[in-house]
Every structure is written in structure tokens, then in C-alpha cells.
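Note that this is a predicted model, so its numbers are computed, not measured. In what follows, every heavy atom counts, from backbone to side chain, and hydrogens, waters and symmetry copies are set aside. Each chain gets a letter, A, B and so on, in the order its sequence line appears, and its residues count up from 1.
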Amino acid sequence: MLDIRFIRENPELVQENAKNKGYDVSIAQLLEIDDKKKSLQQQADELREKRNTISSQLKGGKPSDELIREAKILKDELSTVEPKLKELEDQYGGLMAQIPNMMQSDVPLGGEEDSVEIKKWGEQNNGAIDHLDFAIARDWADFERGAKVASSKFYFLKGDLALLENAITQFALDFVIKKGFTYMTLPHMVSSRIAQGAGFSPRSDIESNEYFIDGEDLALIGTAEAPLTGYHADEILDEEQLPLLYAGYSPSYRKEAGTYGKFNRGLFRVHQFNKLEMYIFSLPEQSIEMHEKILAIEEEIWQAIGIPYHVINIAAGDLGAPASKKYDIEYWSPVDSKYRELTSTSNCTDFQSRNLNIRVRRSSGAIEPVHTLNGTAVSLARSLVAVIEHYQNSDGTLRVPEVLKQYLGGRDTL
RNA sequence: GGAGAGAUGGCCGAGUGGUUGAAGGCGCACGCUUGGAAAGCGUGUAUGCGGGCAACUGUAUCGCAGGUUCGAAUCCUGUUCUCUCCGCCA
């Protein structure tokens, strides 16, 4: 959530920002509730003050019927004010939760098609066999049996393709560890508080992309970002500790309702895929630099593997609530002759940390929310699509990217 | 899953109805001391919200939610989590 003081001081900015992100919220309504809440709070505080005064008079001395009578009247008055206050606080909280994070000034306005290419690497070659056809021909992927044991968009990877997945994972893991990230495994489910604090939609949202556990306050994670955000919830970190660099590896579970069709075939969009995620808790003044750092690492990984890509600065309408700015790396698909999403990195500034109460104690003694950032190191199913499209031979074999050979026992062809 | 114990400030840890926002310790900050440091001594040191230029001030907060009471960290109920023992088990 945003800082209410910031909203009070900049209502037009916040309204404009929400509109540009495509969120239908009324800041005027929020401020109206906020005003009512404040004045009711004032009333309650005054009643409590009187009560506390009487109470301290009663404390030492003998019981006084007069004072107790007064106190009882105050108690009655409070019992009418407090429920109203509670109701306003709930409304206030509900509205606050709907207001998206502020964007950085260099985020392009508009929707998906308005994202701006800021960098390009490698050749835009054309012509290749579809990754699914290629994999099935080698008996490397089995979606039919995936559907049999689970449902559609679940799959088995077999043999060398499964080994290739491991190789890519291990390569990326070694890479980010060298960059100073601490590897961690993590819970594959999170409580609703953590999920929503990280910015994921609640169970009540039928559009939600998440799987919820029946009868439990738990959701399967759609990304390691969720548990990693929650890792330091309700903690006050020391300034010297920051930035904290974590790399979390986990499956990601996503409903992806209604996403079928040619461009979502095979491994490109599935209900479950493994992912190595970078996550940073930083000082506020570091976060822009950290965001560039994550992007640079993502680029280095894909350059090392040898997959052509471009980087786009995601437009406002596609940012989502928590992000202040987002870069996607899209690889060039020689099958579809277009760029397709491969990784994503967001600077969530203090949006998630306010939700989950993650703060830093500055050397000055001041306490303030930290900034949080996330970014994909490798997203496995999609990485396999990119590698198959770019390293296939016409005889149905697959060349192994140079940097992955050491993770495949030195083999250069699969 | 069953039984028991617990949850207090950045950390540890007192506190069973009334100046307790909370003893004491640690840590941290500043000062004194010192050639310098350590030790020692002194002072200070929670957060949210509101008011105030500020000094400061009102209120809330002792896992969470209710309840009893003029008044709750303290009593009652529910709940979550942690620990110990038992059961089950990769």
C-alpha cells in the first residue's frame, strides 16, 4: 500500500497514476473516508482521555460513586463510537489495498503494445521447428500423460530434456551465487496475508491466477517472489545488512485460465514450472540501481546461453499494482518470428514492504520501509522453449549451448 | 492427530486488576574518563495514528480477535503460532 500522508498531499497524482495503470479507484472517496475516520478517531481519543483521567483519580483514592457514574457514561458513549470507527477503518483498509504503487517517471503510458524496447541483443533469425513437435519427436515431453495424471497444461519432461532443465538451473544458480545472491529453498505455499501483501489477488477474486488450498488459509505460490517477500515480514533490518540478495528456487503454480491457442502451446504457458528467482531487499535510495543490476544479470545469463533477445520497459497498463517499473526480457522466436517473454524484473519500491511491515533502522535512528525487487534468473519451461528453438539441428538433435556443457557431462549434442 | 507449557520493547527477560509504555540486562547513541582504545561511569534509546513551526502533547499497541471491569500485559472465551511429550510418517 501507499503512505496515506503521501496520498493526502498528492491526491491528483495518485489518482492519475492509478488511472494510467488501469485501476478503477476513487482517491476522493478514500480521502473522504479518511477524513471521517480521523474525526471519529479524535472523538474516541477524547472520550478515552476523559476515561483515563477519571480512572487515574479512582486508582489511589476511595471509590467514588460520582466518578464511577461519569465513567460509565463515557463507557457508553465509547461503545457507540468504537464500532463506527471500526467500520470506517475496514472501509479505509479496503480502499487503501486497491490503490496501486506509484510508477517511476520513465514508465511509458498505455497498454501492452506501448511498452518500449530499450535494448536489443543478437540476431533475428527465422525458421525453426516448433519446440513441442521437436520435443515429442524425441520423446522428451509428454503432455498427454500430464493431462491424464493431473489436467491439461501439466506435463512430464523425460530424458535429455529433463537433464537440460537441470543444467540450465544449475548454470543460472552458479551464476547468481557468484553475483552475491544467497540460494534458498522455500515454502511452496503461502498464507493469504503474505500472498496479498506481496500483491497477489485474494481467494475472493475469481480472476485470480492462484491455486488455493481448500479448507486452509494457503495458496500455492505462483512465484518464489511471494514467500521471499514474506521472509522478512514484521522485521526491522539493520542498515548495514542491506542490500540483501536472495535467490529462491521453486515450482510456480498458475491457473492461466483461458490461455490456449498457438502462442501458448507446449511449454510456453503451463500450470507448473520451475523457476530460479532473484529477490532483493534494499535501501530506498539503492533500489533503482538494484533494478538495473538484476536486469544486467538476466542479460548476462541469456547472452551466455546465446539466445537473442530485447529488453522492454513495460508500459503502465501492464505493470500490475506493486511494481513502480518493470523490465521484461523477451527472446527472439525463430518459430513465431517475434519476441516472446522470457524473464521479468520489477522494482516494487516500498509497496510490498508497507503491506508486510518490512523496515530498516537507519544509522540516524529513523525507521522506514525497505524497497523490494524481484527478477527472474531463469524460468525453466520457457527457457527450454528458447533453447530448443535456437539450438535444434535438422536431424532432430539438439546442440548444447557452450556454457551448459559442463552441466551435461561434457556432451555437446543431445 | 492427542496431552501439556508458552507468546511482553532491536534482543534477552521481570511483571497476575490501577502513574506499567512497561523493572533489570544486552545492544545502540551521545558524553565523561584515556596518549589512544577497552573497561568503568553518566545520560538517552519502541512503533502507529492525530494535534503543534517546535519543545511537546492526546491516543492506541504486551501473538491475534472478542468479553468482564470505572480501569486489563495481568481475569474469562475463542483463535494462531512456538516448544516438550505421545501417536503417525518421507
Side-chain angles (χ1 to χ4, degrees), chain A residues 1-9 30-97 99 185-197 202-203 212-213 215-219 227 230-242 244 251 281 283-284 350-370:
Chain A
M1 67 175 89
L2 295 183
D3 182 353
I4 183 62
R5 280 167 299 188
F6 178 83
I7 300 175
R8 282 178 195 143
E9 285 162 22
L30 170 74
L31 290 181
E32 195 186 317
I33 301 272
D34 181 46
D35 277 345
K36 282 190 198 160
K37 179 172 80 78
K38 260 162 65 177
S39 76
L40 211 57
Q41 180 76 55
Q42 195 97 34
Q43 278 184 47
D45 281 358
E46 280 164 20
L47 289 171
R48 285 169 181 151
E49 181 181 5
K50 287 184 194 160
R51 182 195 62 187
N52 289 347
T53 305
I54 292 176
S55 198
S56 67
Q57 286 168 359
L58 274 168
K59 179 189 49 192
K62 311 146 189 74
S64 152
D65 291 347
E66 176 67 20
L67 285 176
I68 287 176
R69 206 175 311 123
E70 264 185 67
K72 280 186 172 166
I73 291 169
L74 286 170
K75 191 184 178 181
D76 277 353
E77 289 180 54
L78 258 176
S79 68
T80 65
V81 171
E82 278 174 337
K84 285 187 205 160
L85 183 58
K86 177 100 169 56
E87 193 183 321
L88 279 172
E89 280 171 346
D90 289 347
Q91 282 182 45
Y92 170 83
L95 288 172
M96 281 293 277
I99 299 172
T185 66
L186 36 81
H188 297 173
M189 299 186 200
V190 289
S191 66
S192 59
R193 180 192 172 219
I194 298 299
Q196 285 164 49
R203 196 184 290 254
F212 294 96
I213 305 299
E216 308 261 354
D217 182 34
L218 290 171
Y231 186 69
H232 285 300
D234 298 317
E235 293 183 26
I236 298 177
L237 305 168
D238 287 330
E239 180 167 351
E240 309 79 59
Q241 291 180 269
L242 300 179
L244 284 164
F281 294 89
L283 295 172
D350 57 357
F351 190 81
Q352 294 174 322
S353 60
R354 277 182 197 282
N355 290 340
L356 292 177
N357 203 22
I358 310 165
R359 297 172 295 172
V360 56
R361 185 189 308 278
R362 309 305 297 248
S363 50
S364 65
I367 289 181
E368 59 183 313
V370 301

Given that both distances must come in under 3.5 Å, which nucleotide forms a Watson-Crick or G-U wobble pair with [N]?
N     : result
B/C83 : B/G4
B/G36 : none
B/G42 : B/C30
B/U68 : none
B/G48 : B/U59
B/C11 : B/G25
B/U20 : none
B/A73 : none

Keeping the roles fixed (side chain from [X], backbone from [Y]), state whether a donor-acceptor pair exists under 3.5 Å.
X        : Y        : answer
A/Asn357 : A/Asp234 : no
A/Ser55  : A/Asn52  : no
A/Asp238 : A/Glu240 : no

How would you label the contact of A/Ile367 with the nucleic acid (heavy atoms, under 4.0 Å): base, sugar-phosphate, or nothing?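 Contact class for A/Ile367: sugar-phosphate only.
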
Once you apply a heavy-atom cut-off of 4.0 Å, does A/Arg5 come out as touching a base, just sugar-phosphate, or nothing?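 Sugar-phosphate, backbone atoms only, no base.
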
Judged by each residue's nearest nucleotide on RNA chain B, which is more toward the 5′ side, A/Lys72 or A/Asp34?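 Looking at RNA chain B, the more 5' nearest nucleotide goes with A/Asp34.
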
RNA chain B: A/Arg48 or A/Lys86, which has the more 5' nearest nucleotide?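 First, find each residue's nearest nucleotide; the 5'-ward one identifies A/Arg48.
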
[N] and [M]: how far apart are their [atom1] atoms, nearest whole angstrom?
N     : M     : atom1 : answer
B/A72 : B/U77 : C1'   : 15 Å
B/U43 : B/G51 : P     : 35 Å
B/G21 : B/A60 : C1'   : 11 Å
B/U33 : B/C26 : C1'   : 23 Å
B/U45 : B/G50 : C1'   : 24 Å
B/A39 : B/G31 : P     : 16 Å
B/A29 : B/A37 : P     : 14 Å

Nearest non-hydrogen partners of A/Leu218 and A/Ser191, listed with the distance: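 Between these two residues, the closest heavy atoms are CD2-N, 4.0 Å.
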
Does the distance from a Lys or Arg side-chain N to an Asp or Glu carboxylate O, for A/Arg48 and A/Glu82, drop under 4.0 Å?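 Counted as a salt bridge, because a side-chain N and a carboxylate O are separated by less than 4.0 Å.
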
Strictly below 4.0 Å: does A/Asn52 bring a side-chain N or O up to OP1 or OP2 of B/A60?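 For B/A60, OP1/OP2 do have a side-chain N/O of A/Asn52 under 4.0 Å.
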
Separation of atom CZ in A/Arg354 from atom P in B/U47, rounded to whole Å: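 Computing the A/Arg354:CZ to B/U47:P distance gives 15 Å.
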
Atom pair distance, as rounded to whole Å: CZ in A/Arg359 and C1' in B/G48: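 Whole-Å distance recorded here is 9 Å.
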
